[in-house]
Amino acid sequence: MAGTASPETPSFAPFRTVLLLLYLAGLGTVLYFLAAGASYYLTPVGERARHPLYWTFKPGGSLGLRFGMAGLAMMTVMHLYSVRKRLRPLRRLGALRKWLDLHILMGILGPLFVVLHSSFKVGGIVSISFWSMVAVALSGVFGRYLYLQIPRTRAGEELTLAEVEKADRELTRRLREEFGADDAFLQRLDHAAAPDPSAGLGRLLLALLAEDLGLRRGRLAAVTRSLPGLPPALAGQLAGVVRQKALLRRRIRLWNALHRLFHHWHVIHRPFAVVMYLFVLVHIAVASWTGYGFGGR
Ligand code: HEM
């Protein structure tokens, strides 16, 4: 079950440390060059050609060009996630979740390097690529949130409804046998666990966000308190089991709605990516063909 360790569950701790170091190194590098080029970036566009850092930080400059290449390289490598996701023989190459974490790392750092490459001056046809990149990266944040709503193994593979229902039955058994919960308690818990799936996707999302931000925590606490007479140690455990059970009930009740929402999100996220790459190709072709902005003095 999602979130439950098993003998074959991969260990994520060393990976998380490496990921954190990569974020720190990547963001540190971006911040360093932002500071180093600040006086250039803050100069009005019309006066930049006379700035001493012009040949370094302009988009085709000695560093500016490298920022663009680094950004594009990252936004190319990030698609190894899709390859790993679709080719089952590649399962040996690590958990899907780790690959998604790398997709996200590259999807954040890549655009930041492209922003440095642009030197904060975006216009003409390449702006379509630029703003598509911004849209795809920002929509990724929302996609990541939705992704977390779909039950998965710790390795990141999707669970079936039957697997989630099995885990739910196991929690019902525990609540009945270990805590003495009755039908009325289970019904109250079910009611507090999830918004009504027929409410419409917009309202559903708002309700989920409110819940995840902890704004509706009181409802579950009230359900937990409604089972009186437990010794304090057991009452503490009950709160944890109630939270797990509520999450499962929410995922089961909203199964179709969340899968539909995630599907809609994919339909928006991908075309932005395609438009971005198409116009970046045009941009590179035009820049190489005209020699515009490349290289030295
Ligand atoms: C320029 C940057 C980005 C590009 C071009 C991009 C592109 C893509 C593409 C094409 C997919 C579909 C993959 C597939 O189903 O095979 C995808 C999936 C996804 N991306 Fe991004 N992405 C970018 C940035 C981000 C960021 C910044 C995040 C999160 C903060 C993110 C989160 C996700 C998630 C959660 C999925 C869904 C994974 C799945 O359904 O298996 N992406 N992205």
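Please read these numbers as outputs of a predicted model, since none were measured by experiment. Start at 1 and go down the list; that is how both ligands and their atoms are numbered.
Using the six-membered ring where Trp is involved, Phe57 and Tyr41 have ring planes that are perpendicular, over 60° apart on the 30 and 60° scheme.
Using a 4.0 Å cut-off between charged nitrogen and carboxylate oxygen, Glu170 and Arg173 count as a salt-bridge pair. The pair Asp168-Arg251 does not count as a salt bridge, with every side-chain nitrogen at least 4.0 angstrom from each carboxylate oxygen.
The shortest side-chain heavy-atom distance between Lys58 and Ser119 does not fall under the 4.5 Å cut-off.
Checked by atom type, the side-chain pair Lys245/Thr172 shows a donor-acceptor distance below 3.5 Å.
Judged by distance alone, with hydrogens and angles left aside, the side-chain atoms of Arg188 form no donor-acceptor pair with the main-chain N or O of Val223 at under 3.5 Å.
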Starting from the N and O atoms of ligand 1, collect every protein N/O partner closer than 3.5 Å and put each pair on its own line with the distance to 0.1 Å.
{"unit_1": "ligand 1", "atom_1": "15 (O)", "unit_2": "Lys85", "atom_2": "NZ", "d": "3.0"}
{"unit_1": "ligand 1", "atom_1": "15 (O)", "unit_2": "Arg86", "atom_2": "NH2", "d": "3.4"}
{"unit_1": "ligand 1", "atom_1": "15 (O)", "unit_2": "Arg270", "atom_2": "NH2", "d": "3.3"}
{"unit_1": "ligand 1", "atom_1": "16 (O)", "unit_2": "Ser82", "atom_2": "OG", "d": "2.7"}
{"unit_1": "ligand 1", "atom_1": "16 (O)", "unit_2": "Arg86", "atom_2": "NH1", "d": "2.5"}
{"unit_1": "ligand 1", "atom_1": "16 (O)", "unit_2": "Arg86", "atom_2": "NH2", "d": "3.1"}
{"unit_1": "ligand 1", "atom_1": "20 (N)", "unit_2": "His103", "atom_2": "NE2", "d": "3.0"}
{"unit_1": "ligand 1", "atom_1": "20 (N)", "unit_2": "His269", "atom_2": "NE2", "d": "3.3"}
{"unit_1": "ligand 1", "atom_1": "22 (N)", "unit_2": "His103", "atom_2": "NE2", "d": "3.1"}
{"unit_1": "ligand 1", "atom_1": "22 (N)", "unit_2": "His269", "atom_2": "NE2", "d": "3.1"}
{"unit_1": "ligand 1", "atom_1": "40 (O)", "unit_2": "Lys85", "atom_2": "NZ", "d": "3.4"}
{"unit_1": "ligand 1", "atom_1": "40 (O)", "unit_2": "His266", "atom_2": "NE2", "d": "2.7"}
{"unit_1": "ligand 1", "atom_1": "41 (O)", "unit_2": "Tyr81", "atom_2": "OH", "d": "2.4"}
{"unit_1": "ligand 1", "atom_1": "41 (O)", "unit_2": "Lys85", "atom_2": "NZ", "d": "2.8"}
{"unit_1": "ligand 1", "atom_1": "42 (N)", "unit_2": "His103", "atom_2": "NE2", "d": "3.2"}
{"unit_1": "ligand 1", "atom_1": "43 (N)", "unit_2": "His103", "atom_2": "NE2", "d": "2.9"}
{"unit_1": "ligand 1", "atom_1": "43 (N)", "unit_2": "His269", "atom_2": "NE2", "d": "2.7"}

